[in-house]
Each structure stands twice: as structure tokens, then as C-alpha cells.
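These notes are about the structure you will find just below.
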Amino acid sequence: MDFKGFDPTGRTTAADGTRSVKVMIAGGFGTGKTTMVRSVSDIRPLTTEETLTQASAGVDHLIGVTDKQQTTVSLDFGKIGINDQLVLYLFGTPGQERFWFLWNGLFKGALGAVVLVDTRRLASSFRAIEEMERQNVPFVIALNVFPDSRDHPVEEIRDALDIPEDIPVVAFDARDRAASRDVLVALIRHLQERAVALEPR
């Protein structure tokens with residue numbers, strides 16, 4: 001993939017010309033954010049998962065994710081080199097409502113975001129989409145395919161999430177490194193297209 005001319009605002013450029021950018025991995029509780037960061041990171045990722053206890057039963061909404069035993073309480077961090085020109089620093093957000101106050105600081109300096117969606121629980125990612133729009137962070141939608149997920153047409157998902165045509169929607173398996181990398185490449189392409197569209201005529 002050719003990144004010539006890709007010149008994101010707020011980038012960090014190393015002495016060797018490598019550009020580093022911050023990308024958020026967001027979405028609802030249990031949509032696969034930590035799994036994606038773990039699967040795609042070139043380094044051993046930093047995760048802040050803690051065991052779900054009985055004390056959280058009345059706080060965290062476990063509908064649809066009753067088998068989930070751990071949860072991110074701060075952030076996940078990973079790093080991936082897309083090629084010799086571009087390195088992405090990945091910051092995974094916590095999904096539960098009680099940790100949303102952390103989002104404002106995490107989004108500072110982010111070039112773009114991937115919003116993970118579980119098609120069995122679309123409403124769980126509404127808040128993440130609203131936050132992208134509120135903070136004016138460009139994003140793509142990544143449909144994490146779970147074993148019992150139904151195969152919905154992309155346009156149905158787009159309508160249900162109320163997102164415009166220009167936002168890419170990609171189905172993938174967060175456990176698969178190549179599939180997760182493809183989602184990140186789709187985000188970079190989306191950012192390139194936006195940058196071209198915003199150039200003065």
C-alpha cells in the first residue's frame with residue numbers, strides 16, 4: 001500500500017522518516033477491543049484487564065456477554081508497523097459506562113478510530129459512535145464476527161447504526177491478526193480519502 005503523501009496532522013516523524021500516529025480502538029463492552037489489540041500488536045500489548053466480580057453485577061450490563069470473565073478498567077496499548085513508512089500506536093478504550101470518563105483523555109491527539117460492533121448487541125456501541133462524532137474523530141466500523149453472529153447485509157447495519165455512506169463498514173474476526181490489520185488499513189485509506197476530499201480545489 002502506498003502512503004506517499006499521507007501527511008496526518010499531529011503526526012510524529014522519526015529521524016528515519018517513519019511516521020507514528022495514534023489510533024483508538026473503541027466500542028461497547030465485550031465487543032473485542034482487547035482481543036483485537038492483542039492479535040495485531042507487533043509488541044507484547046499492555047492490557048489492564050481485571051476479573052469481573054459479583055460486586056460489578058449490578059453495575060456492568062452483561063446481557064449477551066454472560067461468559068465474559070474479565071474487563072478492561074483503563075486502556076489497552078499496542079503498536080503495529082503498517083509498513084516501513086507508518087507505525088500505528090493503538091489505544092483500546094474501556095467499554096463499560098462507569099469508565100467512560102477516561103475517554104476524553106484517551107482521545108487527545110488521535111488521528112482516527114476503529115469502532116468495534118457486535119451485531120448481536122448493536123446498541124452497545126452507540127455510545128462509541130456518538131463519541132467519535134462529538135470529538136470529530138474519523139472512524140470506520142468493524143463488525144466483529146462471533147460464532148453465533150447472524151450474517152446481516154452491510155446496508156442494514158449501516159441503517160441501524162445511522163452512519164453515513166462514506167464511513168467504511170468491515171466484517172472481521174478480532175482474533176485473527178491479518179483480519180485485524182486489514183481493518184487498520186481500511187481506516188488509513190479512509191483517512192487518506194478524507195484528506196484528499198478536504199484539499200482546496
Hey, any chance [X] and [Y] share a hydrophobic cluster, counting ILVMFWY side chains that come within less than 4.5 Å of each other, even indirectly?
X	Y	result
F126	F139	yes
V145	V140	no
F172	I188	yes

Under the side chain to side chain contact (heavy atoms under 4.5 Å, CB included) rule, collect the residues that match up with [X], sequence neighbours excluded.
X	answer
I43	S41, F77, K79
A186	V170
D148	R120, F146

Give me the atom names and distance for the closest heavy-atom approach of T18 to D84.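 In terms of heavy atoms, the two residues are closest at OG1-O, 3.5 Å.
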For the residue pair S124 and T31, what are the closest heavy atoms and their distance? OG-CG2, 3.9 Å
Determine whether R134 and E131 satisfy the following criterion, salt bridge (Lys or Arg N to Asp or Glu O under 4.0 Å), listing intermediate values before the conclusion. CA-CA 5 Å; R134 185 181 75 83; E131 192 65 16; 2.7 Å; yes
Salt bridge (charged side-chain N to carboxylate O under 4.0 Å, His left out): pairs with one or both residues in residues 190-199, sequence neighbours excluded: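 Listed once each, the pairs would be none.
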So does [Y] get a backbone contact from the side chain of [X], meaning a donor-acceptor N/O pair under 3.5 Å?
X	Y	answer
D182	V185	no
R121	G28	no
K22	K108	yes
N144	L116	no
S39	A174	yes

Measuring only between side-chain heavy atoms, which start at C-beta, is [X] closer than 4.5 Å to [Y]?
X	Y	result
L122	L143	no
M132	I141	no
V183	V40	no
D76	P45	no

Given side chain to side chain contact (heavy atoms under 4.5 Å, CB included), test D42 with R177 step by step and report yes or no. CA-CA 10 Å; D42 291 336; R177 175 178 169 81; 2.7 Å; yes
Taking side-chain hydrogen bond (donor to acceptor under 3.5 Å, both in side chains) as the definition, give me every residue that meets it alongside T119, ordered by chain and number, with sequence neighbours left out. none
Please identify each residue that fulfils side-chain hydrogen bond (donor to acceptor under 3.5 Å, both in side chains) with S125, with sequence neighbours left out. none
Side-chain donor-acceptor pairs of residues 155-165 under 3.5 Å, sequence neighbours excluded:
| from | atom 1 | to | atom 2 | distance (Å) |
| --- | --- | --- | --- | --- |
| R158 | NH1 | P164 | O | 2.6 |
| R158 | NH1 | I167 | O | 2.8 |
| R158 | NH2 | I167 | O | 3.3 |

List the residues meeting salt bridge (charged side-chain N to carboxylate O under 4.0 Å, His left out) with D176, not counting sequence neighbours, and say none if there are none.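 Testing D176 for salt bridge (charged side-chain N to carboxylate O under 4.0 Å, His left out), a comparison that skips the adjacent residues, returns none.
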Please name all residues satisfying salt bridge (charged side-chain N to carboxylate O under 4.0 Å, His left out) with R181, sequence neighbours left out, ordered by chain then number.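 Listed in chain order: nothing, the list is empty.
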Find the distance between [atom1] ([X]) and [atom2] ([Y]) and round it off to the nearest 0.5 Å.
X	Y	atom1	atom2	value
S20	L88	OG	CG	8.5 Å
L184	R189	CG	CZ	12.0 Å
D173	M36	CG	CE	11.0 Å

